[in-house]
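One structure below.
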Amino acid sequence: MKMFTGLIIGAVFGFAMHRGGLIRYSRIMGTLLMRDFKAMNFMFTGVAVTAILYGVFDLLNIGVLPRINGYFGIGHIYGGLLFGVGMGMSGL
Amino acid sequence: MYVYDLIFPFVSELGGEQRFITWAMIVDVRYGYAAIISGMFFLAMVFTLDKFDPSKKFDQDQSGMPLLKREWGWLSTGVIAGLCIFASTALGEYLSFAGGFLALGAHVASLLDYTMQSVPSLSESTEWRALLVVGLFPGALLSSYLAGTVDKETVTPLFKEAISSSMALRGGSVFSGAVLMIIGALIGGGCTTGAFMSGWPTLSVGSFAMGGVFFATAMLTAHVIYFGRYHLVLGVKERFTLNLAND
């Protein structure tokens, strides 16, 4: 049963991304070229809402603990360079 | 995903042993306070950025359109995205589409009796992540259908004006870009959702490093491609009244 919540959350996220115009080439390229801030504002709003919810739950000692991604130095550079070039050339 | 799986033994050694650290640990502040301060800072930043958004005046006026027909704002859709990320964590999972594609690839491979090196065992968690990716498509399709924008794919006007009207070139740039993105995300520890939208709220130093590197690289790449043609971004938006249907 739990695995179907993944399907639902994925569908809601896909709906929100399309509806917010995040699938639009001009939005992504506009953000990367600093001429259209909507995609950036969408992403940072998502980050902010999640961070505040995590913080409140932590202070209330309610056990919703996020997984922490590991830090592995040079791997972020290699991965980030590949990802960034792909993002910049495709506008995805 | 399968290319990544082939090079997995090599790339998994990059950078040595992983350290699971947050900036709250570095400055010795309780996570909850640091997370709320970060969230408030980012909210203040986006409201400020919105005031100076140069593209807003060229947005199509959709005020008279029904809710399900028009493009929604960054605040409402950003809040929905944040709630999705939080709900995933509350379920004991992690919202990341690069990881989701990898899990989906592993499940598809298992149908052919092949075990991926990077996903040696399948579990309820890999099923959850695979279905997360599967769910994206009907969700976006439903939104497009309700907005009445389901149509034959054409080259978006900005790409056409700035680069080429060739569908093959546009398709090639999307495909090759996506290949680089998925391999880069799996090597570097996440994608736009995994490392940035889901990773930054955890205050993970690794996610900040990955997000910082890929955003800086993507901005540099975009500036190289659009060098001398930056004016087209707003010019095309104004001339074509870009919206969900034609962009």
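Reminder, nothing fancy here: chain letters follow the sequence lines and each chain counts from 1. Just so it is clear, the model here is predicted, and its values are computed rather than measured.
Note: A:Asn41 leads A:Ile77, A:Asn41, A:Thr50, A:Ile68 in heavy-atom pairs under 4.5 Å with chain B. Here B:Cys191 is the residue among B:Gly199, B:Cys191, B:Ala87 with the most heavy-atom pairs under 4.5 Å with chain A. Your options are A:Ile8, A:Ile52, A:Ile62, and the one with the most heavy-atom pairs under 4.5 Å with chain B is A:Ile52. Of the listed residues (A:Val85, A:Ile9, A:Leu22), the one with the most heavy-atom contacts under 4.5 Å to chain B is A:Ile9. The greatest number of non-hydrogen atom pairs below 4.5 Å with chain B, out of A:Gly91, A:Gly79, A:Gly46, is found for A:Gly79. Contact count against chain A (heavy-atom pairs under 4.5 Å) is highest for B:Asn243 among B:Val233, B:Leu203, B:Asn243, B:Leu146. When each of B:Ser204, B:Ser88, B:Ser125 is checked for heavy-atom pairs under 4.5 Å with chain A, B:Ser204 comes out on top. In terms of non-hydrogen atom pairs under 4.5 Å with chain B, the most contact-rich of A:Ser26, A:Ala16, A:Gly30 is A:Ser26. In terms of heavy-atom pairs under 4.5 angstrom with chain A, the leader among B:Phe175, B:Trp200, B:Phe47, B:Phe196 is B:Phe196. The residue among A:Leu92, A:Leu7, A:Thr5, A:Ile28 with the most heavy atom pairs within less than 4.5 Å of chain B is A:Leu7. Chain A forms the most heavy-atom pairs under 4.5 Å with one residue out of B:Val236, B:Thr192, B:Leu186, and that residue is B:Thr192. Between chain A and the options B:Leu91, B:Ile183, B:Val205, B:Leu234, the largest number of non-hydrogen pairs under 4.5 Å is found for B:Leu91.
At a 4.5 Å heavy-atom cutoff, the contact between A:Met29 and chain B is made by side-chain atoms alone. For chain A, the nearby part of B:Ile225 is the side chain; its heavy atoms alone come within less than 4.5 Å. When heavy atoms are compared at a cutoff of 4.5 Å, B:Arg170 approaches chain A solely by way of its side chain, counted from C-beta outward. Heavy atoms of A:Val47 lying under 4.5 Å from chain B belong to its backbone as well as its side chain. Looking at B:Ser76, neither its backbone nor its side chain comes within 4.5 Å of chain A, counting heavy atoms on both sides. Both the backbone and the side chain of B:Tyr230 come within contact range of chain A, with heavy atoms under 4.5 Å apart. At a 4.5 Å heavy-atom cutoff, B:Phe137 makes no contact with chain A through either its backbone or its side chain. For B:Ile163, the part lying under 4.5 angstrom from a heavy atom of chain A is the side chain only. If you measure heavy-atom distances from B:Tyr94 to chain A, the contacts under 4.5 Å come from the side chain alone. For a residue to count as touching a neighbouring chain, one of its non-hydrogen atoms must lie under 4.5 Å from one of that chain's; by this rule B:Met40 touches chain A with backbone and side chain alike. Interface residue B:Val134: backbone and side-chain heavy atoms are both found under 4.5 Å from chain A. Using a 4.5 Å cut-off between heavy atoms, B:Leu95 contacts chain A through its side chain alone, with no backbone atom that close. Within the 4.5 angstrom heavy-atom criterion, only side-chain atoms of B:Ile80, from C-beta onward, approach chain A. Heavy atoms of B:Leu142 lying under 4.5 Å from chain A belong to its backbone as well as its side chain. Contacts between B:Asn246 and chain A at a heavy-atom distance below 4.5 Å are absent for every atom of the residue.
The aromatic rings of A:Phe13 and A:Phe42 sit perpendicular to each other, their planes meeting at more than 60°, with 30° as the lower class boundary. Using bins of under 30°, 30° to 60° and over 60° for the plane-to-plane angle, the ring pair A:Phe83/B:Phe214 lands in the tilted bin.
By the 6.0 Å contact criterion, CZ on B:Phe41 is open, its count of non-hydrogen atoms from other residues, nucleotides or ligands being 12 or less. The number of heavy atoms from other shown groups lying within 6.0 Å of OH (A:Tyr78) does not exceed 12. With a 6.0 Å radius and a threshold of 12 heavy atoms from other residues, nucleotides or ligands, B:Arg19 has its CZ atom at or below the threshold.
When atom types are taken as modelled, the side chain of A:Thr31 and the backbone of A:Asp36 share a donor-acceptor pair closer than 3.5 angstrom. At distances below 3.5 Å, not a single donor-acceptor pair connects side-chain atoms of A:Ser90 with backbone N or O atoms of B:Ala178. Within the 3.5 Å criterion, the main-chain N or O of A:Gly20 finds no donor-acceptor partner in the side chain of A:Arg27.
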side-chain contact (heavy atoms from CB on, under 4.5 Å) between A:Met34 and B:Met219, worked out:
CA-CA 8 Å; A:Met34 299 298 285; B:Met219 290 174 86; 3.4 Å; yes
Dump the intermediate steps for side-chain hydrogen bond (donor to acceptor under 3.5 Å, both in side chains) on A:Tyr54 and B:Thr89, then the final yes or no.
CA-CA 9 Å; A:Tyr54 285 161; B:Thr89 303; 2.5 Å; yes
With side-chain contact (heavy atoms from CB on, under 4.5 Å) as the criterion, how do B:Glu71 and A:Arg24 come out once you've worked through the C-alpha distance, each side chain's angles and the decisive distance to 0.1 Å?
CA-CA 11 Å; B:Glu71 184 174 327; A:Arg24 288 177 50 183; 2.6 Å; yes
Checking B:Thr149 against B:Ser144 for the side-chain hydrogen bond (donor to acceptor under 3.5 Å, both in side chains) test, could you report, in this order, the C-alpha distance in whole Å, the side-chain angles of both residues, the deciding distance, and whether it holds?
CA-CA 5 Å; B:Thr149 62; B:Ser144 184; 2.8 Å; yes
Does the pair B:Lys237 and B:Asp59 meet the rule for a side-chain contact (heavy atoms from CB on, under 4.5 Å), with working shown?
CA-CA 8 Å; B:Lys237 188 171 181 181; B:Asp59 277 338; 2.7 Å; yes
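At a cut-off of 3.5 Å, with distance as the only test, no side-chain donor of A:Arg19 or B:Thr77 sits close to an acceptor on the other residue.
Ion pair A:Lys38/B:Asp53 not flagged as a salt bridge, since none of the NZ, NE, NH1 or NH2 atoms sits closer than 4.0 Å to an Asp/Glu carboxylate oxygen.
Between B:Pro157 and B:Leu242 the shortest heavy-atom distance is CG-CD2, 3.7 Å.
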